Amino acid sequence: MTYSSIPAINLPMHSSFSEPNSPLKEVLGEKWQTASCSDLGDNYVKPGPLAKAKFNALRNKREAIDRFLKKHKKEDLSLYIDELRDFAISSGGLVDDEFRAAIWPVLAANLVQNDDLDDVSSSYDSDFESAQSDFDEESPIFEELTELTLDELKGHKEWNQVELDVHRTLSRFPPNISDTHRDVLQTELIPLIVRVLSVNPRFNYYQGFHDICLTVLLVCGEKDALPVCSNLAKNGAFNNYLLKTLEKSVVRELDLLYVILSRVEPTLEKVMRSVELGTMFGLSWPLTWFSHSLKQYQQIVRFFDVFLASSPLLPIYVSSAVVVYRRASILSCEREMPFLHRLLTEMPSELPIDAIIKDAVYLSKLMPPCLLKTNYMNEYRKIVAKPHRPTVKTIPRYALQFMFVAGTVGAAASFFFFKQIHPL
């Protein structure tokens, strides 16, 4: 099958191709609709007819989840994993942190596993690189979650770097909490991250993994956060990021964004490729499940709901849906790399999260990971005539904050690193 034989998908010209434009504000007033760390205040926008309909839908969903959990309270919820995944993925997600605290550990213990997702690099590497990767990265032996002492944790090679990142993050997020609560989070978060890293001596911390662990800690509490984060590190999307270099894991996953765009928004893909935009604008998106880029807590946990219940590559489909959502802004932007990079690194404060998730799920069904990484990627490479990559320079794992910076400096840095990874 040739690329030319697969027509581009014609989609309606609005922010989402799953549903029509909707109002930006979705503010609901009752306590159960704002999570424990939501930065929603008392001054909220009174809902109109559409918002009232969504309010009722969320209320009905909350009642349905509540009934389900009470009905199966004494049973193993893993027996109902399909129902839990449906709750997490469908509109509104798990609604409330009370439910997330009960359901996230079950989802994390039963992560979606696809046979074709074990090594994203296989579609790109030369035979030598693939053989070397297979030799170097055999299935690791995981250690039991033993109760290491604090002194033992402090002796871990990553403790100092984790401590620096946690101090930096907790100075700004979550908002609206007391200094005492912030101190408690700090004393819990640093050991949590290092315990997860201790599960596999070959795990290498990267800047942004602390954002993942912080979100899980806020929702699940200290006791349940450890197995959730450990399962994500051992069996989820983060396993590749912790074991491999970033340019051989997340960067190569983000390359699939262009393959997706070439089929659903070919004009958009050509514009981005013509200015050599690359994918550094979205580096933090899969690395942190968008928790670094979004400002509103409820948006972050909504994405965590769906990612915990879906394919490890769904964050790439969500990244594509976010870019498509910003189509008008991209096409009207100055056609130069720094301007487009800055535009995309500055995530809008208001996003139609559920519409974007619907789009992403639709794209994942339209272009399943197994086809996306093989047939579609190979056809796309023929179109752009991109040669096999030579050995690439390493993206610094501890300087990603620098890479995430928006603006001209961030764009220049991204352009430099992108050139090392994608030489002309």
Side-chain angles (χ1 to χ4, degrees), residues 26 33-40 58 61-62 65 77 81 84-112 169 173-175 185 189 192-193 196 208-222 224-239 241-242 250 253 282 284-319 321-322 347 351-361 364:
E26 296 182 12
Q33 291 166 314
T34 60
S36 57
C37 294
S38 173
D39 38 0
L40 271 177
L58 278 178
K61 186 171 188 182
R62 185 191 190 282
I65 297 174
L77 288 179
I81 191 63
L84 296 180
R85 286 172 179 163
D86 184 62
F87 281 137
I89 295 172
S90 57
S91 183
L94 296 177
V95 184
D96 194 334
D97 277 4
E98 176 187 352
F99 299 148
R100 292 186 174 101
I103 295 175
W104 278 14
V106 183
L107 295 176
N110 297 273
L111 293 169
V112 176
T169 297
F173 184 87
L185 280 176
L189 181 57
L192 167 64
I193 297 170
V196 173
F209 187 64
H210 67 294
D211 290 311
I212 297 293
C213 295
L214 172 59
T215 304
V216 175
L217 177 62
L218 290 171
V219 170
C220 297
E222 184 179 18
D224 288 332
L226 179 58
V228 171
C229 294
S230 296
N231 282 324
L232 287 173
K234 291 190 295 184
N235 307 311
F238 305 106
N239 181 260
Y241 308 156
L242 293 168
V250 64
E253 287 182 357
S284 70
W285 298 353
L287 282 177
T288 69
W289 277 2
F290 290 86
S291 58
H292 182 86
S293 303
L294 296 173
K295 302 295 189 296
Q296 297 182 28
Y297 174 82
Q298 282 288 62
Q299 294 179 336
I300 295 171
V301 292
R302 178 67 188 97
F303 272 143
F304 273 56
D305 288 344
V306 69
F307 293 152
L308 280 164
S310 305
S311 155
L313 269 187
L314 192 71
I316 302 301
Y317 293 98
V318 169
S319 299
V322 169
M347 189 73 73
L351 284 174
I353 299 294
D354 277 311
I356 286 173
I357 289 172
K358 286 181 181 179
D359 291 347
V361 172
S364 69

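The basis for the numbers below is simple: all heavy atoms, side chains too, and nothing from hydrogens, waters or symmetry mates. Fair warning: this is a prediction, and the values are worked out from it, not measured in the lab. In what follows, residues are counted from 1 in the order of the sequence shown.
- Under the side-chain contact (heavy atoms from CB on, under 4.5 Å) rule, C229 has a single partner from T215, V196, D224, L217, which is V196.
- Side-chain contact check for N110 versus R85: some heavy-atom pair is nearer than 4.5 Å.
- Atom CD1 of I81 and atom CG of D86 lie 11.5 Å apart (nearest 0.5 Å).
- P105 places a side-chain heavy atom less than 4.5 Å from the side chain of C220.
- Between R302 and I353, the closest heavy-atom pair is CG-CG2, 3.5 Å.
- In this structure, V322 and M347 have side chains that are in contact, with non-hydrogen atoms separated by less than 4.5 Å.
- One N or O on the side chain of K61 and one on the backbone of F87 form a donor-acceptor pair closer than 3.5 Å.
- Side-chain atoms of H292 never come within 3.5 Å of backbone atoms of F290 as a donor-acceptor pair (strictly under, hydrogens ignored).
- With rounding to the nearest 0.5 Å, the separation of CG in L189 from OG1 in T169 is 8.0 Å.
- Annotation for L107 and A88: closest pair CD1-CB, 4.1 Å, computed over non-hydrogen atoms.
- Using a 4.5 Å cut-off on side-chain heavy atoms (C-beta onward), F304 and V216 make contact.
- In terms of modelled atom types and a separation under 3.5 Å, the side chain of S364 and the main chain of V361 share a donor-acceptor contact.
- Between S310 and I89, the closest side-chain pair of non-hydrogen atoms falls below 4.5 Å.
- Using a distance-only test at 3.5 Å, with no hydrogens or angles considered, a donor-acceptor pair links the side chain of D305 to the main chain of L94.
- Closest approach of A233 to F209, counting heavy atoms only: CB-CZ, 4.4 Å.
- We find the CZ-CG distance between F238 and L232 to be 6.0 Å, quoted to the nearest 0.5 Å.
- Taking the side chain as every heavy atom from C-beta outward, R62 and E98 approach each other to under 4.5 Å.
- Atom CG of residue L308 and atom CG of residue L84 lie 11.5 Å apart, to the nearest 0.5 angstrom.
- The two atoms that bring P286 and V250 nearest to each other are CG-CG2, 3.4 Å, heavy atoms only.
- The minimum heavy-atom distance between V219 and A101, with the atom names listed, is O-CB, 3.5 Å.
- Note that CG of L111 is 6.0 Å distant from CG of N235, once rounded to the nearest 0.5 Å.
- The closest side-chain heavy-atom distance from Y297 to D97 is below 4.5 Å.
- Between S311 and P315, the shortest heavy-atom distance links the atoms O-CD, 4.1 Å.
- Inter-residue side-chain proximity for I65 and D96 is flagged as unmet; no heavy-atom pair is nearer than 4.5 Å.
- For the atom pair I193 CD1 and C213 SG, the distance stands at 4.5 Å (nearest 0.5 Å).
- Ring centers of F303 and W285: at least 6.0 Å apart, outside the cut-off.
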